[in-house]
Amino acid sequence: MNPFFAYLNRLKLIRRWGLMRNTVPENDMEHSMQCALIAHGLAVLARERFGKDVSPEQVLSLALYHDVGEVITGDLPTPVKYKNPEIKGAYKRIEAMASEQLLSMLPNDLQSAYRPYIRPDETTYAWKLVKAADRICAYVKCIEEQNLGNREFDQAKSSIHQSIIRSDLPEVAAFMAEFVPSFELSLDELSRL
């Protein structure tokens, strides 16, 4: 018996935004899907419009797996995770241990196939796209909460937006300009586009 996929299935139990009042709760499984869709979109833009040598399918897979270690660690809120260098470093080590624990659940002959997704090379362009998609997802969450009248996300939206516009990835600017504004719309407004 192998527990790997049963553990991954528990992503739906990991709540995000734990320090903030949420109008609509979000879990890691939902977030991973949204991140994968946006990361894939960024990668397609990067390849098709900006001539980058990147595989949208690889980026999609990286994004699907980008938070799987949280089935072991839980989701540590960003303000805590990045509060100071010591906490950040300690949490990076904890994340690495959790990822290794997950990999060890796989049969030996499958571990090398999953390693690039569970312990990705964080220096690659593909990984930069996943991290950008992760930030865009956070921004979209803020938009959604504000649209429901939740002012709890006002400051987060502003600071996340600032981090996104500082990105040097042209596909991020294109995605923000072309696709993100529609997240502000209601279903009726979307239907009229």
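Being a predicted model, the structure only gives us computed values, none of them experimental.
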Shortest non-hydrogen contact between [X] and [Y], atoms and distance:
| X | Y | value |
| --- | --- | --- |
| Ile160 | Ala138 | CD1-CB, 3.7 Å |
| Ala132 | Val172 | CB-CG2, 3.5 Å |
| Glu70 | Thr73 | CA-OG1, 3.4 Å |
| Leu42 | Ala133 | CD1-N, 3.7 Å |
| Arg21 | Asn150 | O-ND2, 2.7 Å |
| Ser99 | Ile118 | OG-O, 3.4 Å |

[atom1] of [X]: more than 12 outside heavy atoms within 6.0 angstrom?
| X | atom1 | result |
| --- | --- | --- |
| Tyr7 | OH | no |
| Arg47 | CZ | yes |
| Asn2 | CG | yes |
| Glu57 | CD | yes |

Applying the 4.5 Å side-chain criterion to the ILVMFWY set and letting contacts propagate, would [X] and [Y] be lumped into a single cluster?
| X | Y | result |
| --- | --- | --- |
| Val71 | Met105 | yes |
| Val54 | Phe175 | yes |
| Tyr125 | Val130 | yes |
| Val44 | Leu37 | no |
| Met29 | Met33 | no |

*CA sep, side-chain torsions, deciding dist, call: Phe179, Ile136, side chain to side chain contact (heavy atoms under 4.5 Å, CB included)*: CA-CA 11 Å; Phe179 296 104; Ile136 294 170; over 6 Å; no
*Any chance the side chains of Ser186 and Asp188 put a donor and an acceptor closer than 3.5 Å?*
no
*asked:* Pairing donors with acceptors under 3.5 angstrom, does anything connect the side chains of Gln101 and Ser104?
replied: no
*salt bridge (charged side-chain N to carboxylate O under 4.0 Å, His left out) assessment of Glu171 paired with Lys128*: CA-CA 11 Å; Glu171 51 276 10; Lys128 289 178 184 173; over 6 Å; no
_Identified side-chain contact (heavy atoms from CB on, under 4.5 Å) counterpart of Glu144 within the set Leu148, Val140, Asn147_ = Val140
*Give me the ring orientation class for His161 and Tyr139: parallel if the planes are under 30° apart, tilted from 30 to 60°, perpendicular past 60°.*
tilted
Could you grab the distance from atom [atom1] of [X] to atom [atom2] of [Y], nearest 0.5 Å is fine?
| X | Y | atom1 | atom2 | answer |
| --- | --- | --- | --- | --- |
| Glu122 | Trp127 | CD | CH2 | 5.5 Å |
| His66 | Cys137 | NE2 | SG | 7.0 Å |
| Leu169 | Phe50 | CG | CZ | 10.0 Å |
| Leu64 | Tyr117 | CG | OH | 10.5 Å |
| Gln111 | Phe4 | CD | CZ | 9.5 Å |
| Leu60 | Ile38 | CG | CD1 | 12.0 Å |

Carboxylate-amine/guanidinium proximity below 4.0 Å for [X] and [Y]:
| X | Y | answer |
| --- | --- | --- |
| Glu178 | Arg49 | yes |
| Glu95 | Lys88 | no |
| Glu100 | Arg119 | yes |

[Y] backbone acceptor or donor facing [X] side chain under 3.5 Å:
| X | Y | answer |
| --- | --- | --- |
| Ser158 | Asp154 | no |
| Asn27 | Arg16 | no |
| Asp28 | Val68 | no |
| Glu145 | Asn22 | no |
| Asp67 | Ser32 | no |
| Glu152 | Met20 | no |
| Arg135 | Lys131 | no |

*Apply the test side chain to side chain contact (heavy atoms under 4.5 Å, CB included) to residues Tyr65 and Leu8: give CA-CA distance (whole Å), side-chain angles for both, the deciding distance (0.1 Å), then the verdict.*
CA-CA 9 Å; Tyr65 284 91; Leu8 295 188; 3.9 Å; yes
*Is there a side-chain contact between Met176 and Ile165 (heavy atoms, below 4.5 Å)?*
no
_Is the shortest side-chain heavy-atom distance between Pro120 and Thr124 below 4.5 Å?_
no
*Would Arg166 and Ser163 count as a side chain to side chain contact (heavy atoms under 4.5 Å, CB included) if you check the C-alpha gap in whole Å, the side-chain angles of each, and the deciding distance to 0.1 Å?*
CA-CA 5 Å; Arg166 285 192 302 268; Ser163 73; 3.7 Å; yes
*Apply salt bridge (charged side-chain N to carboxylate O under 4.0 Å, His left out) to the pair Lys157 and Glu184, showing each step before the final yes or no.*
CA-CA 13 Å; Lys157 181 182 177 189; Glu184 300 268 3; 3.6 Å; yes
*Where do Lys141 and Glu26 land on the side chain to side chain contact (heavy atoms under 4.5 Å, CB included) test, with the steps shown first?*
CA-CA 9 Å; Lys141 170 66 172 171; Glu26 180 181 57; 4.2 Å; yes
